[in-house]
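In what follows, a single structure is set out as C-alpha cells and then discussed.
The figures that follow rest on heavy atoms only: side chains count, while hydrogens, waters and symmetry mates do not. Order of the sequence lines fixes the chain letters, A, B, ..., with proteins taken first and strands second; residue numbering starts at 1 for each chain.
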2 protein chains.
Amino acid sequence: MARPGPRSDRTAGPTTIGDVAAAAGVSRATVSRVMNGRTTVDPEIADRVRAAAERLAYRPSTLARSLSIGRTETVALVVPDLGNPMFQSILHGVTAAAAADGYRVLVADTQERPEEEAEILAEARRRCDAVLVVSPRAPDDELAALLPALAPAVLVNRESAGTASVCVDYAAGTAAVLDHLVAAGHTALVYLAGPGGSAPDTWRRAALDAARSRHPDLSVTVLDAGGTVDDGHRSAARVLATGATAAVCFNDLVALGLLAGLREAGADVPGAVGVVGFDDIELARYAVPALTTVAVPHAELGRQAWARLRAAVAGADAPETLWLETRLRERASTGPVPAP
Amino acid sequence: MARPGPRSDRTAGPTTIGDVAAAAGVSRATVSRVMNGRTTVDPEIADRVRAAAERLAYRPSTLARSLSIGRTETVALVVPDLGNPMFQSILHGVTAAAAADGYRVLVADTQERPEEEAEILAEARRRCDAVLVVSPRAPDDELAALLPALAPAVLVNRESAGTASVCVDYAAGTAAVLDHLVAAGHTALVYLAGPGGSAPDTWRRAALDAARSRHPDLSVTVLDAGGTVDDGHRSAARVLATGATAAVCFNDLVALGLLAGLREAGADVPGAVGVVGFDDIELARYAVPALTTVAVPHAELGRQAWARLRAAVAGADAPETLWLETRLRERASTGPVPAP
DNA sequence: TGGTGGCTGGAAACCGGTTCCCGATCGAAG
DNA sequence: CTTCGATCGGGAACCGGTTTCCAGCCACCA
C-alpha cells in the first residue's frame with residue numbers, strides 16, 4: 001500500500017492524498033497529477049479522482065507541496081516598525097500585488113531593535129521564497145554581509161551591490177521642497193531630521209547641502225527629531241527658537257506633530273512658520289492647515305517591489321535600482337514668507 | 001547512506017541535515033537531537049555536530065521541520081482592508097504579541113470582496129496553525145458553516161458558537177457617547193452608518209435604539225455613509241441638511257472626513273455641529289478640532305487575540321467572548337448644544 | 001562469569017506531497 | 001499476426017526534517 005495510506009486507525013486528521021488515492025482506487029501519483037491539471041490522465045479516471053477529492057473535502061497540504069516543489073509562494077516583508085503608516089502602506093501595496101499572483105505575505109517588524117534585525121531577517125527569509133527588506137538601520141557593511149544569505153531579496157530605500165532595490169527619490173523631492181520655499185522667499189529653514197543613520201535621512205541631508213550651494217543665502221538648521229508624531233510635537237519650541245520661517249520634516253508624522261505643537265504654542269501656520277512633510281499619508285490633506293508634503297507613490301512602490309521580488313524568485317539578476325519620483329503637493333501649510 | 005545525504009554532485013542548495021551529519025560523522029538523527037537540545041547525546045559528539053553545523057552555516061529548513069512536527073509556528077490574519085488604520089493596529093498588536101512567543105504572522109486582505117472571503121480564509125489557514133478572522137462581511141450562517149474547517153480560529157468583533165472571540169464593546173461605547181451628548185443638551189443627532197451588515201455597525205444601531213428608549217426626546221437619524229475618509233467627506237451636506245446638532249460617525253476615518261467636509265461647508269465644529277468618531281486612531285487627537293472619539297484598546301486587543309490564538313492552537317476549548325471596554329475621549333470636536 | 005539494566009546513537013518509518021522511471025497496454029503499421 | 005511506438009499510470013525515490021524502535025555497549029551485581 002502506498003505510504004501515507006488511508007489513516008483507518010490513526011486519529012483522523014485532514015484527509016491526505018493517500019485517502020483520496022485509496023477512495024478512487026488509484027495511486028498517489030495519479031491523484032497528484034489530476035490535482036495539478038496534468039493532461040496525461042484518462043478523463044474517466046480523472047473524474048473519479050476529482051469526485052473522491054470532492055467527497056472527502058480534500059485540500060492538498062501547502063506545507064508538503066512547498067517542501068516538494070521547493071517553493072512556498074510566500075514572501076516576507078520586514079519593516080522597522082509596523083506602527084508607521086508609511087510601512088503600512090507598503091505592506092498594503094505589496095500584499096495586493098502579490099495576491100494577484102497567488103502569493104502571500106509574511107510580515108515581521110524588527111521593533112527598531114537593530115541587534116535582532118539579522119536574525120529576524122534570516123528567520124523570515126527561511127520561511128519564504130524571498131524577502132523584502134525595508135530600510136533597516138543596519139550599517140551598510142553589515143547589510144552587505146547579510147544579503148547573500150537572504151537572496152533572493154529586494155531592498156526598499158536602500159542600495160547594496162548585487163541586490164535589487166526600489167527607492168524613493170527623496171533627494172529630488174527635498175530639492176523640490178527647498179526650491180519651492182526659496183522661491184516663496186524663505187531663507188532661514190529648519191530640517192527636522194529623522195532617525196540617525198537611515199538612508200532616506202542621509203539622502204535628504206545630501207539634498208540640503210546641494211541646495212545650500214545652489215542658493216548661497218539659504219540657511220538650514222538641522223535639528224535631530226526622530227520619526228514619530230511625538231517627536232514632531234516635542235520639537236515645536238526648538239523650531240520656534242531658531243527663528244526659521246519654515247520647517248521641513250522627516251516625514252508626515254513628524255510634520256503633523258509639529259503642527260499640533262505650533263498651534264499649542266500659538267504660532268500661526270503658515271503665517272509665522274511654514275511646515276512641510278514627506279510621504280503624503282492619507283491624513284496629510286485633512287490636517288489643519290492641510291499639509292504641504294512630498295507625495296510618494298505608495299501603490300506604485302508596492303507594485304514595483306513585488307515585480308522585483310517576482311523576478312528575483314525566478315532567478316533574474318538584480319536590475320538597476322528603480323528610483324520612484326515624488327511630487328510636491330502644495331497645500332495650506334506653506335505660503336510666502338511673511339513680511340518682516 | 002542516510003537519505004538526504006551530502007549533495008556532492010547535485011547543484012548546491014542550502015546545507016541540509018544530511019550534510020552536517022556527514023561532516024560530523026554521525027547520523028541525521030543525532031544531528032536532529034543536538035539541534036533540538038536533546039540531552040541524550042554524548043557531549044563530545046554534540047560539540048562535533050555543533051562545530052560542523054557552524055562551519056557549514058547550517059540552518060534547519062523551517063518547511064521540513066513544520067511538516068514533520070505538524071506545526072508551522074505561524075498564524076494568519078485576515079482582514080477586509082489593510083488600508084484601514086484600525087486593522088493595521090490590530091496587525092501591529094498581534095504581530096508584536098506573537099513574535100514574543102516566536103510566532104510569525106501571515107497577512108491577507110479580502111479587498112472587501114466577500115465572495116472570495118471563504119477561499120482566502122481557507123487558503124490562509126492551510127499555511128498556518130490558526131487564523132485570526134477580523135470582522136468579515138460574510139453573513140452569520142455562511143461564517144458558521146466556514147468556521148469548523150478553519151479551526152483553530154479566533155474571531156475579532158464577531159461571534160459564532162464554538163469559536164473564541166475578542167470583541168470591542170461598541171454598544172457600551174455608543175451608549176456612553178449618546179449619554180454624553182444628551183447630557184450636553186443635544187436631542188437631534190445623526191449616525192453615519194458604516195458598511196452594511198457588519199457586526200460592529202449592528203451593535204452600534206442596537207445601542208442607538210436602546211438610547212432612544214432611555215431618552216424619549218432623543219431623535220437619531222441614520223444615514224448610510226461607509227467606512228472611509230471620503231465617505232465622511234461626502235456626507236457633510238447630508239448631515240447639515242438634517243439639522244442635527246451632532247454627528248456620531250462609524251469610525252474615526254469617517255469622522256475626520258466629515259470634519260474636513262464641514263469646514264469646507266463653513267460649518268463650525270463644535271459650534272454648529274459636534275462630531276464623534278470611534279477607534280481613537282493616532283491622528284484623532286491631532287485633528288482640528290481634536291476629535292472626540294471612543295477609544296479602543298488596540299494593543300490590548302492584539303495581545304488578547306494572540307492569547308486566544310495560542311490557547312486554540314494548544315487545543316483549548318473556546319472560552320467565553322472577551323468584551324473589551326472602550327473609553328470615551330472627550331476632545332474639542334464636541335461641546336454643549338448651541339443656544340438656538 | 002553471566003545476567004541485567006541503563007544509555008547512547010543508528011536505521012528506518014513518517015509527515016504529505018511531486019516526479020522520474022519504467023512496465024503494461026493499446027492502436028497502428030508492416 | 002507480429003512489431004513498433006506512444007500513452008497511461010503505478011512504484012519508488014525524493015524534498016528535509018523528527019521520532020520510534022532497537023541493537024550494542026558498558027557498568028554493576030550476584
Evaluation steps, salt bridge (Lys or Arg N to Asp or Glu O under 4.0 Å), between A:Glu54 and A:Arg50: CA-CA 6 Å; A:Glu54 172 77 18; A:Arg50 270 188 288 268; over 6 Å; no
Residue B:Ile69, side-chain atoms from C-beta onward, closest of C:dG9, D:dG17, D:dT18: D:dT18
Chi angles and distances behind the side-chain contact (heavy atoms from CB on, under 4.5 Å) call for A:Val166, A:Arg308: CA-CA 8 Å; A:Val166 178; A:Arg308 307 231 152 182; 4.0 Å; yes
Residues, nucleotides or ligands: over 12 heavy atoms within 6.0 Å of B:Arg310 CZ: no
Check: C:dG9 base within 3.5 Å donor-acceptor of B:Arg28 side chain: no
Residue whose nearest DNA chain C nucleotide is more 5′ - A:Ser32 or B:Val26: B:Val26
Base C:dG17 paired with A:Ser68 side chain (donor-acceptor, <3.5 Å): yes
Sugar-phosphate only, base, or nothing, as touched by B:Thr30 at under 4.0 Å among non-hydrogen atoms: sugar-phosphate
Electrostatic pair A:Arg303-A:Glu300, nearest N-O below 4.0 angstrom: yes
Protein-nucleotide distance (A:Asp42, atom CG; C:dT25, atom C1'), rounded to Å: 12 Å
Atom pair distance, as rounded to whole Å: CD1 in B:Ile17 and P in D:dC15: 14 Å
Distance (rounded to the nearest 0.5 Å) between B:Ser32 OG and B:Arg38 CZ: 7.0 Å
Any B:Thr40 side-chain nitrogen or oxygen under 4.0 Å from OP1 or OP2 of C:dT8: no
Between C:dG17 (P) and A:Leu56 (CG): distance, integer Å: 12 Å
Separation of C:dC15 C1' from B:Leu63 CG (nearest whole Å): 12 Å
Interatomic distance where CZ belongs to B:Arg71 and C1' belongs to C:dC14 [whole Å]: 17 Å
Side-chain N or O of B:Thr16 closer than 4.0 Å to phosphate OP1/OP2 of D:dG16: no
Touch class at under 4.0 angstrom, heavy-atom based, for A:Ile45 against every strand present: sugar-phosphate
A:Asn36 CG - C:dT18 P separation (whole Å): 5 Å
Residue mapping more 5' on DNA chain D - nearest nucleotide basis, B:Ala64 or B:Ala29: B:Ala64
B:Asp317 atom CG, neighbour heavy-atom count above 12 within 6.0 Å: no
Sugar-phosphate, base or nothing in reach of A:Val41, heavy atoms under 4.0 Å: sugar-phosphate
Touch class at under 4.0 angstrom, heavy-atom based, for B:Leu67 against every strand present: base
Whole angstrom value for the distance that separates C1' of D:dG17 from CZ of A:Arg126: 13 Å
C:dG9 base / B:Arg38 side chain donor-acceptor hit below 3.5 Å: no
Nucleotide of D:dG17, C:dG9, D:dT18 approaching B:Ser61 most closely (side-chain heavy atoms): D:dG17
Integer-rounded Å distance: D:dC21 P and B:Arg33 CZ: 13 Å
